[in-house]
There are 2 protein chains.
Amino acid sequence: MPRTKSRQLIPVDGLAQLSFLIHGLLERRVAEHDLSMIQTRLLGVLRDRRPTMQELAQLLSLDKSSVTGLVDRAEGRGLVVRIPSEADRRVVRVGLTGVGRALASDVASQFEGDVAIVLGRLPRTDRAALAKVVSRLLVADADARGVDLFATLDETAP
Amino acid sequence: MPRTKSRQLIPVDGLAQLSFLIHGLLERRVAEHDLSMIQTRLLGVLRDRRPTMQELAQLLSLDKSSVTGLVDRAEGRGLVVRIPSEADRRVVRVGLTGVGRALASDVASQFEGDVAIVLGRLPRTDRAALAKVVSRLLVADADARGVDLFATLDETAP
DNA sequence: TATTGTTATACTCTATAACTATA
DNA sequence: TATAGTTATAGAGTATAACAATA
């Protein structure tokens, strides 16, 4: 008897589908710029940071050796630069080039447009309701994990 | 002045973040079973089909040569089997083994639990609102692309 | 000839282990 | 000795092009 009702109250499938829809939107969009998801995340992370290779590994949840290759390829395309640290000559910092920053901006605004189109198919009141609940959900999740919500913003939405 | 308001009405960032949250949940969960996302999708697609290699390529949006390798590795792990077609001896169909089916079920139910935990942090009324709006969004999107919603269910929620 | 699937090849992405340079 | 980063190596995942078997 409570079958239909509980499906509505715990919309696991719907949420999963929605997440794959949005993720796929980004994947297809960045592919047009010959970017993989991880290269896109790299650019996103660098928009407001100049991390060391070590820090980059933590930010992207990768091994430091994986970051070496990742940055190699991005640098080869002229999207990022390695900046030797003066304080500690073992350390290398990574920053966006102008080209890299422009590409990151392009991708971000195009992706926002893609998501806006999908959202635009909903009536205004539904969009408002969605915004409210999604923001509550994100806050509740960040709370539950003791995480600063804004610290992860640009990693997830490059 | 309408800045805050329009952010709420077009929750692009929030939706993107949410989608990465859910996607990451699945990624971490399947990694515990030594599954990549594409291997997980393969198992998901096979839960109610025995497609040819060609059909598999279309279902997963991969080149047929990529599917050869994908199926090779899954078959090597005993998760799927190649079944020679009797009608056309060029054709190979792919199906789940018992082990593959059990793994797919495990992963699906664990992932549902993960999503349910996140949703459980919302008050009941918010969950109901989210369920309603998300389902409308998915229907609207499927409509807009002239796609049968249920045909893609198990690809996105393995 | 056309189609199905595999193979050969090349590149990205990833990790582990060993290495170099610096601290 | 310990740390930061790279290199060597191996394997998954992907695509393009060439191929074999079948239709």
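Quick note on labels: first sequence line is chain A, next is B, and so on, each numbered from 1.
- A/L42 has its CG atom 15 Å from the C1' atom of C/dT14, to the nearest Å.
- Counting to the nearest Å, the P atom of D/dG11 and the CZ atom of B/R77 are 15 Å from each other.
- A/D34 places its CG atom 13 Å from the C1' atom of D/dT14, with the value rounded to the nearest Å.
- Rounded to whole Å, the distance from CG on B/L70 to C1' on D/dG11 is 14 Å.
- To the nearest angstrom, C1' of D/dA4 lies 16 Å from CD1 of A/I83.
- Placement of B/M37 and B/V71 within a single hydrophobic cluster is found when ILVMFWY residues are connected by side-chain heavy-atom separations under 4.5 Å, directly or transitively.
- Residue B/S65 places no side-chain atom within donor-acceptor reach of the base of D/dT14, judged by atom type and a 3.5 Å distance cut-off alone.
- Side-chain heavy atoms closer than 4.5 Å link hydrophobic residues (I, L, V, M, F, W, Y) into clusters, and following such links, possibly through other members, connects B/M53 to B/L60.
- Separating the CD atom of A/E27 from the P atom of D/dG13 is a distance of 14 Å, rounded to the nearest angstrom.
- The backbone N or O of B/V12 lies less than 3.5 Å from no partner atom in the side chain of A/E112, so there is not a single donor-acceptor pair.
- Rounded to whole Å, atom P of C/dA23 lies 16 Å from atom CD of A/Q54.
- Checking C/dG5, D/dG13, C/dC13 against the side-chain heavy atoms of A/Q39 singles out C/dC13 as nearest.
- Contact annotation for B/R82: backbone-only contact, meaning every heavy-atom pair under 4.0 Å involves sugar-phosphate atoms and none involves a base.
- The closest donor-acceptor contact from the side chain of A/Q39 to the backbone of A/S36 lies at 3.5 Å or more, if one exists at all.
- For the pair A/R93 (side chain) and A/I83 (backbone), a donor-acceptor distance under 3.5 Å is absent.
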Write down the protein N/O and nucleotide N/O pairs, taken from nucleotides 18-22 of chain C, whose separation is under 3.5 Å; answer none if there are no such pairs.
residue	atom	partner	partner atom	Å
C/dT22	O2	A/R90	NH1	3.4

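- Distances shorter than 4.0 Å separate none of the side-chain N or O atoms of A/R73 from OP1 or OP2 on C/dC11.
- Heavy-atom nearest nucleotides on DNA chain C were determined for A/I38 and for B/D72, and the one closer to the 5' end corresponds to B/D72.
- Across all strands, B/S66 comes closer than 4.0 Å to base atoms (heavy-atom distances).
- The closest donor-acceptor contact from the side chain of B/T97 to the backbone of B/L79 lies under 3.5 Å.
- Comparing C/dT14, C/dT4, D/dA15 against the side chain of B/L62 picks out D/dA15 as the nearest.
- In this structure, B/R101 contributes its side chain and B/R47 its backbone to a donor-acceptor pair below 3.5 Å.
- Rounded to whole Å, atom C1' of C/dT3 lies 15 Å from atom CE of B/M53.
- Distances from the side chain of A/D63 to the nucleotides C/dT16, D/dG5, C/dC13 place C/dT16 closest.
- Across the interface with DNA chain D, nearest-nucleotide mapping of A/R93 and B/L35 shows A/R93 to be the residue nearer the 5′ end.
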